[in-house]
Amino acid sequence: DTGVSQNPRHKITKRGQNVTFRCDPISEHNRLYWYRQTLGQGPEFLTYFQNEAQLEKSRLLSDRFSAERPKGSFSTLEIQRTEQGDSAMYLCASSIGQVYDQPQHFGDGTRLSIL
Amino acid sequence: AQTVTQSQPEMSVQEAETVTLSCTYDTSESDYYLFWYKQPPSRQMILVIRQEAYKQQNATENRFSVNFQKAAKSFSLKISDSQLGDAAMYFCAYRSYEGNYGGATNKLIFGTGTLLAVQP
């Protein structure tokens with residue numbers, strides 16, 4: 001079990017630029033989640049995949065955000081035309097689906113800073 | 001919609017002492033899960049303990065135990081024999097039970113967290 005891996009750990013970019021984050025879940029986990037955590041707050045749900053299918057998107061996920069999980073393995077989260085309010089920690093988590101009561105395992109997160 | 005409230009932004013405990021972190025939640029569902037996650041500074045979130053709502057017995061994991069009061073919608077975490085390594089942000093989280101089946105989401109709903117300091 002190598003854990004959930006996220007890259008990059010930190011991303012600094014100018015307002016208006018596009019950014020992409022990657023998440024590699026634990027290998028046998030078919031469920032993958034993205035959360036956003038701002039300073040002093042708990043993580044907020046963004047989107048959820050079961051295998052390659054995106055089954056739920058939060059209203060927090062504006063049209064500038066898109067997530068993919070093309071082969072049901074790793075996932076990418078892209079933010080287009082970044083804004084100051086996008087500055088946050090983006091967390092990825094994975095779990096085994098269709099198995100009773102399996103917890104989500106989190107990665108270290110990608111911290112995004114918008115200049 | 002479900003909500004989770006942690007009313008203690010910060011707590012402090014002496015090493016080897018016991019501390020209790022509070023959490024309340026609101027839901028109209030009868031079956032669900034509750035979790036406590038620990039997030040050390042600049043490190044990943046890890047699961048501390050979980051509770052199934054249909055179980056009356058409070059969950060226990062070594063020095064960590066919960067007091068689950070379903071009618072009061074309260075879910076507190078007790079840390080016994082506190083250690084320096086327990087210092088972290090602690091989040092209470094809720095998950096719907098229905099997420100176990102089919103394509104329903106298993107999303108976690110988190111509180112705002114309690115920052116626990118452990119004094120040597």
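Below, chain A is the first sequence line, B the second, and so on; all start at residue 1.
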Item to complete: Check whether NZ of the Lys or CZ of the Arg A:Arg31 lies under 6.0 Å from the centre of the six-membered ring of A:Phe49 and within 45 degrees of that ring's axis.
Response: no
Item to complete: Among A:Met89, A:Gln104, A:Arg111, single out the residue with the greatest number of heavy-atom pairs under 4.5 Å to chain B.
Response: A:Gln104
Fill in: Atom CG of A:Leu115: over 12 foreign heavy atoms under 6.0 Å
yes
Worksheet item: Do the side chain of B:Lys70 and the main chain of B:Ser30 share a donor and acceptor less than 3.5 angstrom apart?
Response: yes
Discussion item. At a 4.5 Å cut-off on heavy atoms, which part of A:Arg9 comes close to chain B: side chain, backbone, both, or neither?
Written reply: side chain
Discussion item. Below 30° counts as parallel, above 60° as perpendicular, anything between as tilted: where do the rings of A:Tyr90 and A:Phe65 land?
Written reply: tilted
Worksheet item: With ring centroids as reference points, do B:Phe75 and B:Tyr94 lie under 6.0 angstrom apart?
Response: no
Worksheet, complete the sentence: Answer key: most heavy-atom pairs under 4.5 Å with chain A among B:Ile46, B:Leu108, B:Leu115 is B:Leu108
Item to complete: Go through the atoms of B:Gln39 and report whether side chain, backbone, both or neither lie under 4.5 Å from a heavy atom of chain A.
Response: side chain
Fill in: Side chain / backbone / both / neither for A:Glu44 at chain B, heavy atoms under 4.5 Å
neither
